[in-house]
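These notes concern the structure reproduced below.
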Amino acid sequence: MYVHSNHIPQPPHSAGLRYQGLRPRIDASQVPSPIQLVEEDRLKWEGRVYMTLPGEYAPASTSDFTAIDQGSASPKFARVTTWKFPSSSRLAHECAIPLAAVFQPFAELDRVEEPVPLVHTEKSGPARCERCRAYINPWCLWVSGGTRWKCNLCGHDTEVSAEYFCSLDANLMRLDYRQRPELMKGTVDFVVPEEYWAINPPQALTMPYHTHEPRKTGSRPPEPMKYIFALDVSYEAVQLGLLRSACACISRILFGGTGANGATLDACFPPECSIAFLTYDSTIHFYDLLADPVKMLVVSDIEEVFVPLQQGLFVNPIQRRDILESFLEILPTRFENASFREAALGSLLRSCHAALAGYGGQVFVFSGTMPTVGIGQLGGQPNETDLFNTDKERVLYQPRDNVWIEMGQDCAADGIGVHMIMAPIKYMDVGSIGTVATLTGGDLLYHPRYDPLRDEIVLESQLQRLMRRMQGYNCITRIRSSHGINVTKSHYGNFYQTSPTTLEFGVLDADKAISVALEHSGRTLSSRDTVHLQCSVLYTTVSGERRARVCNLALQVADLAGNVFQFADLDTTVCHMAREALASRTKQKMSIVREELTEKCGSLLLGYRKNCAAASRIDQMILPEVFKTLPSYILALAKSKPLKGLHVSSDVRNYHAHRMNSMPIRSLMHYIYPQLMALHDLEDDVALPYDDEFTRIHLPSVMRSSHTFMEANGIYLVDNEETSIFWIGHSVSSQLLLDLFGVDDIMALNPKLVQLPTLETRLSNQVRNILNQRRLRRGRITTLLLARQNLDAAELEFSDMLVEDQNNGNLSYTDYLALVHKQIVNVLKNGGSISGASSMRGGPPW
């Protein structure tokens, strides 16, 4: 892709940084294009099958592919920063590629792929190693005539139980291995017996809530999930329309109906599950759903909360449909004259914990204001301007009261996941209250200045996604490794880490990924060895069955730096670096976090230069094939909302940090480097169905995120997984406007458009198909904005998504690449390291 000869001037944007010193002559169209590599990989794997045996380079996370499980987990479930593990810690240090793995245990598969097999075990449960407790898998060896098996992680021989025994063939394979998925597939689900049931947490010296019943101890039988919907009925939530929207969306979740976008929705609430409703302002309101009409019980003591009823709190919505439909319809009118401006959110969460203690489940909390009364009450807004870019800025990204951490930990230990739907009109302290969702594995949905006409369609789509996706609760996760490498205690994601090796989730779902750092244990590996990783998740299904999902990954070993780089994985490396940077926000200045990202990028490229291209001229820019676009992604990461150098509200930073910290790799790559597409140049045959079922389309190519590739007579769509923006140039043809929006004048466009009109034109069909394809992949829609050139405020947001431009308090891509290259040349000439005295922290490298 080349710079457009008459490209548009840079749209209104946040300030960037200028390159200091002599600017090298670099043609922007000749620098490595991240889009080119993405498109090449996408086209390479379109319609192809990936076989998961170790030794093959995996498709990029952004490519659509079909995987066949041959005993090692699909890249959709597990990815590593390099698919050929360095043989020694010295080699790993020289290459400077971070050793890490990212697991997405409940990732959704393509409809043509074989589903994860379900294995029904004997009463003793799945076969496991006696020493390290690893699960049986295809990489274990059978010895002693099949009476024992050797663990591929620790090497220990474990005796085979009588009911699991089978004779071996001449190749020392079990005769029944084709009938046992756990011996053939890298990812399996085991149905597990009573000894694997969730354990109730030990009783604390002081209970966080009052209860007349003794605390449950020991194991808890798995049962269908319980749901609580907790609604803010304080003045601001009611006036914003959040209460009315929430009731309408919940009703359609339970019973179906016509959605906010006019489409017909089927009920998606699990039929075997039960539901409860709470409302809150300065008091907590419980509802007896067995009564007709529904009775409200008010708990005014918000410092020592309790559940005031034992029967009628949870009901099956199908059995009580008429009552619940009437209840949800009347509830907004009951509080339409609300006068209480306080909201006891902390006390509400303790009440939900009390209602679900001993069972586990999910809580959906709708909140419109910062909690100023009750448990965990918070004061006014800190002076963020004075704290910005100082050592004290880190306090903005931590809870102001440790009780929010305690609530999150208590809920996670009890198997309770908390989703928080926030609609503030002013500061809300997401850094404090969002901690509960972070520690329990829940989601944050953030709709500032909530407008039902604009936001309800998005809110409903998000809630539908929360209900429909694959998920489990009461989850415990452990990641194990084979001899020669260790799983460090550095785990990244949204969970409660109870020990260096144990992660607890109140709820874990298909949209969550875990990152973990790896290291050598001191032993040098042989190139003939195979490195093994095993991620196990013990969870309870929504329908109430206890299972263990096990993902096994096998990797070959490399003893040459060239092989390590050749099989490196850019997407996983960027993901891990992003999560390390997010974790550092609470420990050091934000400017140092961004500098460390640049240093890590430069060190990795320097490692390739020293070990694989040492004979080249010192001043020549040499980039590894896999990582040649790494600088563009690191720059884009430094420009993301949680990390950018400009003043951004701490609420916004904390919300986006929560999202990024658990995003799947594909979503994260699209988030930090948004997809930009020219809609006025679509070919006639793209984005139209080509299969018999009219479900598959050829997506058009995307373009580089810079204004230098745009023209004023075009229409562009940019999408960062959170927001989709249509940018319309001032010279666009009236026919394009008519075909896409149904008007022929740019001034007649509605800047508050929330969805595209359905028109019988080719362009309208193509663009709606593109949006629908992305919706199907994500499972939800994004906020839709319209930005007319030099007319609409949304153009500022659009321009900040053009991450290759000079904006967001940072350099342009070409200048940043020149900076990284200059650092590398400086080290090659003068010695030292990029992260040492010769780094940019000691002064500019020019």
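Positions are given from 1 along the sequence. Computed over heavy atoms, backbone and side chain alike; hydrogens, waters and symmetry mates excluded. It should be emphasised that the depicted structure is a prediction, and the values quoted were computed from it without experimental measurement.
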In terms of heavy-atom contacts, Val718 and Phe798 come closest through CG1-CD1, 3.3 Å
Got a donor-acceptor contact below 3.5 angstrom from the Asn661 side chain to the Gly493 backbone? yes
CD1/Ile824 to CG/Leu604 distance, rounded to the nearest 0.5 angstrom? 9.5 Å
Gln806 and Arg18: side chain to side chain contact (heavy atoms under 4.5 Å, CB included), yes or no, with the steps? CA-CA 8 Å; Gln806 180 182 301; Arg18 291 185 176 275; 3.9 Å; yes
Minimum heavy-atom separation for Ala568 and Ile97, please, with both atom names. CB-CD1, 4.0 Å
Greater than 12 external heavy atoms within 6.0 Å of His647's NE2: yes
Val395: side-chain contact (heavy atoms from CB on, under 4.5 Å) partners, not counting sequence neighbours: Leu387
Rounded to the nearest 0.5 Å, what's the gap from CG on Asp805 to OG1 on Thr708? Could you check? 6.5 Å
Sub-3.5 Å donor-acceptor pair from the side chain of Arg480 to the main-chain atoms of Thr501, do we have one? no
Looking just at side-chain N and O atoms, do Asn810 and Lys639 make a donor-acceptor pair shorter than 3.5 Å? no
Lys641/Glu797 under salt bridge (Lys or Arg N to Asp or Glu O under 4.0 Å): CA gap, chis, key distance, verdict: CA-CA 11 Å; Lys641 281 186 169 63; Glu797 183 72 14; 2.8 Å; yes
What distance separates Met407 CE from Thr440 OG1, expressed to the nearest 0.5 Å? 11.5 Å
Any idea how Tyr57 and Phe567 line up, ring-wise: parallel (<30°), tilted (30 to 60°), or perpendicular (>60°)? tilted
Any donor-acceptor pair under 3.5 Å linking the side chain of Asp792 with the backbone of Glu795? no
When rounded to the nearest 0.5 Å, the distance separating CG of Leu525 from CD of Gln556 is 13.0 Å
Sub-4.5 Å side-chain heavy-atom contact between Pro382 and Leu396: yes
Short side-chain to backbone donor-acceptor contact, Gln675 and Asp719, under 3.5 Å: no
Do any N or O atoms from the side chain of Asn494 and from the backbone of His658 form a donor-acceptor pair under 3.5 angstrom? yes
Side chains of Leu802 and Met710 in contact at under 4.5 Å (non-hydrogen atoms): yes
If a pair satisfies salt bridge (Lys or Arg N to Asp or Glu O under 4.0 Å) and one of its residues is in residues 426-435, list it, with sequence neighbours excluded. Glu236-Lys426, Arg400-Asp429
Counting only heavy atoms not in Arg777 (residues, nucleotides, ligands), do more than 12 fall under 6.0 Å from its CZ? yes
Please confirm whether the backbone N or O of Ile672 pairs with a side-chain atom of Ser640, one donor and one acceptor, at under 3.5 Å? no
Within the 4.5 Å heavy-atom criterion, are Asp569 and Val80 side-chain neighbours or not? no
What are the two closest heavy atoms between Cys612 and Phe565, and how far apart are they? SG-CD1, 4.1 Å
Does the side chain of Ser14 come under 3.5 Å of the side chain of Asn807 through a donor N or O and an acceptor N or O? no
Working note: Leu17 + Leu811, criterion side chain to side chain contact (heavy atoms under 4.5 Å, CB included); need CA distance, chi angles, decisive distance, verdict. CA-CA 5 Å; Leu17 291 180; Leu811 301 169; 3.9 Å; yes
I'd like to know if the side chain of Ser584 reaches the main chain of Val593, judged simply by a donor and an acceptor atom lying under 3.5 Å from each other, with no hydrogens or angles considered. no
Any side-chain heavy-atom pair from Pro32 and Phe627 closer than 4.5 angstrom? no
When rounded to the nearest 0.5 angstrom, what is the spacing between CG in Leu503 and CD1 in Ile514? 6.0 Å
Between the side chain of Thr81 and the main-chain N/O of Pro98, is any donor-acceptor distance below 3.5 Å? yes
Tyr19 side chain to Leu819 main-chain N or O, any donor-acceptor pair under 3.5 Å? no
What one should report as the nearest heavy-atom pair of Ile725 and Ala794 is CD1-O, 4.1 Å
For Phe495 and Thr477, what are the C-alpha separation, side-chain angles and deciding distance, and is it a side chain to side chain contact (heavy atoms under 4.5 Å, CB included)? CA-CA 10 Å; Phe495 48 74; Thr477 299; over 6 Å; no
Atom of Ser33, atom of Arg704 and distance for their closest heavy-atom approach: OG-CD, 3.3 Å
side-chain contact (heavy atoms from CB on, under 4.5 Å) with Ser87: which of Asn563, Val564, Asp559? Asp559
Start with the C-alpha gap between Arg778 and Glu721, add the side-chain angles, then the distance that decides, and say whether salt bridge (Lys or Arg N to Asp or Glu O under 4.0 Å) holds. CA-CA 8 Å; Arg778 283 188 285 250; Glu721 299 290 304; 3.2 Å; yes
Will you find, in the side chains of Tyr816 and Thr598, an N or O donor that is under 3.5 Å from an N or O acceptor? yes
Evaluate the side-chain proximity of Leu533 to Ser481: yes if any heavy-atom separation is below 4.5 Å, no if none is. yes
With distance as the sole criterion, is a donor-acceptor pair present between the side chains of Thr502 and Arg478 under 3.5 Å? yes
SB check Glu596 Arg585 (cutoff 4.0 Å): no
Under 3.5 Å, is there a donor-acceptor pair between the side chain of Asn486 and the main chain of Thr488? no
Side chains of Tyr671 and His656, donor plus acceptor under 3.5 Å: yes
Is it the case that atom CZ in Arg523 sees more than 12 heavy atoms from other parts of the structure closer than 6.0 Å? yes
Using side-chain heavy atoms (C-beta onward) and a distance below 4.5 Å, is Leu378 in contact with Trp404? yes
Mind checking whether Trp727 and Tyr716 have parallel, tilted or perpendicular rings, split at 30° and 60°? tilted
On a heavy-atom basis, which atom in Phe77 and which in Cys551 lie closest, and how many Å separate them? CB-SG, 4.2 Å
Where do Tyr446 and Val652 land on the side chain to side chain contact (heavy atoms under 4.5 Å, CB included) test, with the steps shown first? CA-CA 9 Å; Tyr446 189 64; Val652 174; 4.3 Å; yes
With a 6.0 Å cut-off on the ring centroids, do Phe85 and His520 count as close? yes
Beyond-backbone contact of Glu625 with Leu37, side-chain heavy atoms, under 4.5 angstrom: yes
Determine whether Lys512 and Asp443 satisfy the following criterion, salt bridge (Lys or Arg N to Asp or Glu O under 4.0 Å), listing intermediate values before the conclusion. CA-CA 10 Å; Lys512 301 296 187 297; Asp443 279 276; 2.9 Å; yes
State, with a plain yes or no, whether a side-chain heavy atom of Tyr397 is found less than 4.5 Å away from one of Met590. yes
With rounding to the nearest 0.5 Å, note down the distance linking CE in Met621 to NZ in Lys628. 13.0 Å
